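Read through the structure below, which is laid out as structure tokens, and then see the notes.
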Amino acid sequence: MVDQARPIVLLLARIAVGVIFLVHGYQKFATMGIAGTTKFFESVGIPLAGVAAPAVAVLEVAGGLALILGAALPIVGTLLAINMIGAVVFVHAANGFGAAEGGYEFVLTLAAASLAIGFSGGGALALDRVLGRRRTAETVSV
């Protein structure tokens, strides 16, 4: 039973976590704007805020889409986890653990989920798995 549920559970986790990153990245473009995101990054001491703000916004949008699609999962999962560790260090650590107080609970969860999904194979309908199987089949048939 567990083996049958695993691909579907991973798919659902990929979609949920991917949507969270996609929305947060989109907000950096649409709601706050890159200028507002840059000002916020400067206010919390993020180095090279003018470069970091658009880079993080693109990473979160593209990374969220990649998680949803199951593409480049080990790379994307690692980059998103590093992004969230940066959020812990520069924004949330000073507020303690609890998310209700602005602490690092939620971003730490996103970092762990990104790594878990990134190195899980992605489950059902993951492009990494589909393309990996095709490559194996082509290699065998050639």
Side-chain angles (χ1 to χ4, degrees), residues 1-42 44 46-142:
M1 180 66 97
V2 171
D3 289 339
Q4 292 172 338
R6 186 173 192 267
I8 302 302
V9 170
L10 287 170
L11 169 65
L12 295 173
R14 270 191 5 245
I15 292 170
V17 175
V19 166
I20 291 168
F21 277 111
L22 179 62
V23 169
H24 281 262
Y26 176 77
Q27 288 172 337
K28 287 174 178 65
F29 285 112
T31 305
M32 295 173 61
I34 294 301
T37 303
T38 301
K39 285 182 183 180
F40 173 72
F41 279 21
E42 287 170 346
V44 295
I46 294 175
L48 300 169
V51 174
V56 166
V58 168
L59 171 62
E60 290 178 356
V61 168
L65 288 171
L67 284 181
I68 292 166
L69 297 172
L73 289 174
I75 294 166
V76 169
T78 300
L79 290 174
L80 289 171
I82 291 168
N83 179 40
M84 290 297 94
I85 297 304
V88 168
V89 170
F90 288 104
V91 180
H92 299 279
N95 300 323
F97 181 74
E101 294 81 33
Y104 59 89
E105 176 181 17
F106 180 62
V107 292
L108 182 62
T109 301
L110 287 175
S114 297
L115 287 174
I117 293 165
F119 290 92
S120 70
L125 306 175
L127 285 180
D128 283 354
R129 295 175 65 102
V130 171
L131 296 175
R133 287 188 184 135
R134 284 188 187 151
R135 280 190 213 119
T136 303
E138 288 172 6
T139 304
V140 171
S141 64
V142 171

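From a predicted model like this one, the values you see are computed outputs, not experimental measurements. Heavy-atom basis, side chains included; hydrogens, waters and symmetry copies ignored.
Minimum interatomic distance between A87 and V107 (heavy atoms only, all atoms of both residues): CB-CG1, 4.3 Å. Closest of all the heavy-atom pairs between T38 and A53 is OG1-CB, 3.3 Å. Counting all heavy atoms, side chain and backbone alike, S114 lies closest to F21 at OG-CE1, 3.3 Å. What you find for I85 and A111 is that their closest heavy atoms are CD1-CB, 4.2 Å. The two atoms that bring A126 and G121 nearest to each other are CB-O, 3.8 Å, heavy atoms only. The two residues V17 and A113 make their nearest non-hydrogen contact at CG2-CB, 3.9 Å.
The closest donor-acceptor contact from the side chain of T37 to the backbone of K28 lies under 3.5 Å.
Taking 4.5 Å as the limit, some side-chain heavy atom of V23 sits within range of a side-chain heavy atom of V19. Side-chain atoms of L67 and V76, non-hydrogen and from C-beta on, do get closer than 4.5 Å to each other. V130 is not listed as a side-chain neighbour of L125, based on a closest heavy-atom distance of 4.5 Å or more. Taking the side chain as every heavy atom from C-beta outward, R14 and L73 approach each other to under 4.5 Å.
Every residue two or more places apart in sequence or in another chain was checked for a ring-ring contact (aromatic ring centres under 6.0 Å, His included) with F41, and none qualifies.
Listed by first and then second residue, the ring-ring contact (aromatic ring centres under 6.0 Å, His included) pairs involving residues 83-109 are F97-Y104 (not counting sequence neighbours).
Crowding of L48 atom CG: a count of heavy atoms from other residues, nucleotides or ligands under 6.0 Å not exceeding 12. In Y26, the OH atom is not crowded: 12 or fewer heavy atoms of neighbouring residues, nucleotides or ligands sit closer than 6.0 Å. Remark: I75 CD1 is loosely packed, at most 12 non-hydrogen atoms of other residues, nucleotides or ligands lying under 6.0 Å away.
Taking CD1 from I117 and CG from L11, the interatomic distance works out to 10.0 Å, rounded to the nearest 0.5 Å. With rounding to the nearest 0.5 Å, the separation of CG in N83 from NE2 in H24 is 11.0 Å. Rounded to the nearest 0.5 angstrom, E60 CD and L65 CG are separated by 12.0 Å. Here the CD1-CD1 distance, from I68 to I20, works out to 10.0 Å after rounding to the nearest 0.5 Å. The CE atom of M84 lies 11.5 Å from the CG atom of L79; values are rounded to the nearest 0.5 Å.
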Between F40 and I46, does a side-chain contact (heavy atoms from CB on, under 4.5 Å) hold up when you go through it step by step?
-> CA-CA 9 Å; F40 173 72; I46 294 175; 5.7 Å; no

